[in-house]
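All remarks here apply to the structure that follows.
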Amino acid sequence: MKRKLDCILLVDDSHEDNKYHEIIIREMDIVHRIEFALNGLEALAFLKKENQILPELIFLDINMPRMNGWEFMEEYKNLDAAQKARVVIMILTTSANPDDIKKAKEIEEITGFETKPLTREMMMGILNEHFQDYL
């Protein structure tokens, strides 16, 4: 890789999934920092913090307590442009529901839809498609 991503944000209420995805990402040595949010509210709070490095890639689960992935996306649309700059949002969920896939395709800010778990091959595909300057 030419350079690593600065930050990846994992938004998922499952500690086990977060840990597994962290292991995959760390083994690939593609990012300086991995941050976690257990729901959409925590993710929004993270993005709104001042003077911090924003994620270039967000993996977003759909089904979470307090604020799910769809509710997060509604609020995300209202963030300042600076808080959304250069962010690729990938839905990463256990849902294979065709309605969820269709809904994700209709939301402009969502880049893609993947089914858990994250794999090295999936991550390489995302890097190849959206982060060519990092390869």
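Index from 1, following the sequence.
Nearest heavy atoms, A37 versus A43: CB-N, 3.5 Å. P65 approaches N39 most closely through the heavy-atom pair O-CB, 3.2 Å.
Listed by chain and number, the residues in a ring-ring contact (aromatic ring centres under 6.0 Å, His included) with F72 are Y76 (sequence neighbours excluded). Residues passing the side chain to side chain contact (heavy atoms under 4.5 Å, CB included) test with I24, sequence neighbours excluded: Y20, M28, L118, R120. Applying the side chain to side chain donor-acceptor pair (under 3.5 Å) rule to R66 yields no partners; only residues at least two apart in sequence or on another chain are considered. Residues meeting the salt bridge (charged side-chain N to carboxylate O under 4.0 Å, His left out) test with K84, sequence neighbours left out: none. Not counting sequence neighbours, N18 has no partner by the side chain to side chain donor-acceptor pair (under 3.5 Å) test. Not counting sequence neighbours, E108 has no partner by the side chain to side chain donor-acceptor pair (under 3.5 Å) test.
We find the CD-CG distance between Q132 and L127 to be 9.0 Å, quoted to the nearest 0.5 Å. The CD atom of E42 lies 11.5 Å from the CD atom of E35; values are rounded to the nearest 0.5 Å. Considering CD of E106 and CD1 of I101, their distance stands at 12.0 Å, rounded to 0.5 Å. In this structure, NZ in K102 is found 13.5 Å from CZ in F113, a value given to the nearest 0.5 Å. Atom CD of Q83 and atom CD of E50 lie 9.0 Å apart (nearest 0.5 Å). Note: E75 CD to L79 CG = 8.0 Å, rounded to the nearest 0.5 Å.
I30 and L54 fall into different hydrophobic clusters, where Ile, Leu, Val, Met, Phe, Trp and Tyr side chains are chained together by heavy-atom contacts under 4.5 Å. When hydrophobic clusters are built by joining Ile, Leu, Val, Met, Phe, Trp and Tyr residues whose side-chain heavy atoms come closer than 4.5 Å, directly or via intermediates, L5 is not grouped with L9. The cluster map of Ile, Leu, Val, Met, Phe, Trp and Tyr, joined by side-chain heavy atoms under 4.5 Å apart, puts M64 and L10 in different clusters. A chain of hydrophobic side-chain contacts below 4.5 Å, direct or via other Ile, Leu, Val, Met, Phe, Trp or Tyr residues, connects I91 to V11. Hydrophobic cluster membership differs between M67 and L38, with clusters built from Ile, Leu, Val, Met, Phe, Trp and Tyr side chains linked at under 4.5 angstrom.
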Residue pair M73, I89: steps toward the side chain to side chain contact (heavy atoms under 4.5 Å, CB included) verdict = CA-CA 10 Å; M73 288 309 305; I89 299 177; 3.8 Å; yes
Candidate pair D100 and T93, rule side chain to side chain contact (heavy atoms under 4.5 Å, CB included), full reasoning = CA-CA 10 Å; D100 287 338; T93 184; 6.0 Å; no
query = Given the rule in the side chain to side chain contact (heavy atoms under 4.5 Å, CB included) test, do N63 and N68 qualify, once you have shown the distances and angles that lead to the verdict?
reply = CA-CA 5 Å; N63 300 309; N68 68 34; 5.6 Å; no
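Looking only at side-chain heavy atoms (C-beta outward), E129 and T111 stay at 4.5 Å or farther from each other. Proximity of F59 to I34: side-chain heavy atoms (C-beta onward) are nowhere separated by under 4.5 Å. M90 has its side chain out of reach of M122: every pair of non-hydrogen atoms, C-beta onward, lies at least 4.5 Å apart. Between L47 and P55, some side-chain heavy-atom pair lies under the 4.5 Å cut-off. The shortest distance between side-chain heavy atoms of E109 and V87 does not fall below 4.5 Å. Side-chain contact check for D12 versus L92: every heavy-atom pair is 4.5 Å or farther apart. Considering only heavy atoms from C-beta on, I58 stays 4.5 Å or farther from F46 through its side chain. No side-chain heavy atom of M123 sits under 4.5 Å from any side-chain heavy atom of E27.
In this structure a side-chain-to-backbone donor-acceptor pair under 3.5 Å is present from E56 to D6. Judged by distance alone, the side chain of H21 and the main-chain N or O of D17 form a donor-acceptor pair under 3.5 Å. With hydrogens and angles disregarded, no donor-acceptor distance shorter than 3.5 Å links the side chain of D80 to the backbone of A82.
Between E22 and K19 there is a salt bridge, since a side-chain N of the basic residue sits under 4.0 Å from a carboxylate O of the acidic one.
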